[in-house]
Amino acid sequence: MAVFVGLSAATTAYAQDDDAIDLVATSDLKWETTQEGVAFAALDGDRFKESYQAMVRLPAGLVSPVHIKSADMYGLIVSGEMVHLAQADIGGSETVLKAGDYYKIPSGLPHVSKCVSDTECVTFLYQNGPFDFLPVGKDAQ
């Protein structure tokens, strides 16, 4: 069973000046990849200590175990196709999100996330609190 584990905390990798515009080219992103193959590129904040913004890359075909987050999660699909399902909706119809589509997953809601495209999925992610990944039910063991 896979459990998503983050790597060491990365503080904001980009200079921040309240009197300047931060510009970050895709080629300048600094990706950290977990043992499950999920990669994070920090944009703002330390994801293990505070609210944060990051680019997140999931391998094609990845299906997470049922889990919850302690903070609300807001995402925008950049590329690939994803499905997010509340645990209560697993086995029902699935809405496939594509580039430009938005999602919000409330804190404490057991859910599954899937990259259903043949290519990796990339999302812009904001979480209004620290990152965690808490498996529930049979996935908690």
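Only a predicted model underlies this, so the values are computations on that prediction, with no experimental measurement involved.
- Inter-residue side-chain proximity for F40 and M55 is flagged as unmet; no heavy-atom pair is nearer than 4.5 Å.
- Between P110 and V136, the shortest heavy-atom contact is CB-CG2, 4.1 Å.
- Residues meeting the ring-ring contact (aromatic ring centres under 6.0 Å, His included) test with Y74, sequence neighbours left out: Y126.
- Annotation for A54 and A42: closest pair CB-CA, 4.3 Å, computed over non-hydrogen atoms.
- Listed by first and then second residue, the disulfide (SG to SG under 2.5 Å) pairs that reach into residues 49-105 come to none, sequence neighbours excluded.
- Taking the ring centre of F131 as origin, the terminal cationic atom of R47 falls inside the region bounded by 6.0 Å and 45° from the ring axis.
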Enumerate donor-acceptor pairs with a distance under 3.5 Å from any side-chain N or O in residues 75-90 to protein atoms, sequence neighbours excluded.
| unit_1 | atom_1 | unit_2 | atom_2 | d |
| --- | --- | --- | --- | --- |
| H84 | ND1 | S113 | OG | 2.8 |

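- In this structure, D72 contributes its side chain and P106 its backbone to no donor-acceptor pair below 3.5 Å.
- Every pair passing disulfide (SG to SG under 2.5 Å) that includes a residue from residues 27-128 is listed here, sequence neighbours excluded: C115-C121.
- When all heavy atoms are compared, the tightest approach of P130 to Y52 is C-CE2, 4.5 Å.
- Between the T123 side chain and the L125 main chain, no donor and acceptor come within less than 3.5 Å of each other.
- The OG atom of S107 sits 9.5 Å away from the CD atom of Q127 when rounded to the nearest 0.5 Å.
- Applying the salt bridge (charged side-chain N to carboxylate O under 4.0 Å, His left out) rule to pairs touching residues 60-69 yields nothing, sequence neighbours excluded.
- Applying the salt bridge (charged side-chain N to carboxylate O under 4.0 Å, His left out) test to every pair with at least one member in residues 100-114, sequence neighbours left out, gives these pairs: E94-K114.
- The salt bridge (charged side-chain N to carboxylate O under 4.0 Å, His left out) pairs that include a residue from residues 115-136 are R57-E120, where partners are two or more places apart or lie in different chains.
- Residue L134 comes nearest to S70 through the heavy atom pair CD1-OG, 3.7 Å, listed as atom of the first residue, atom of the second, then distance.
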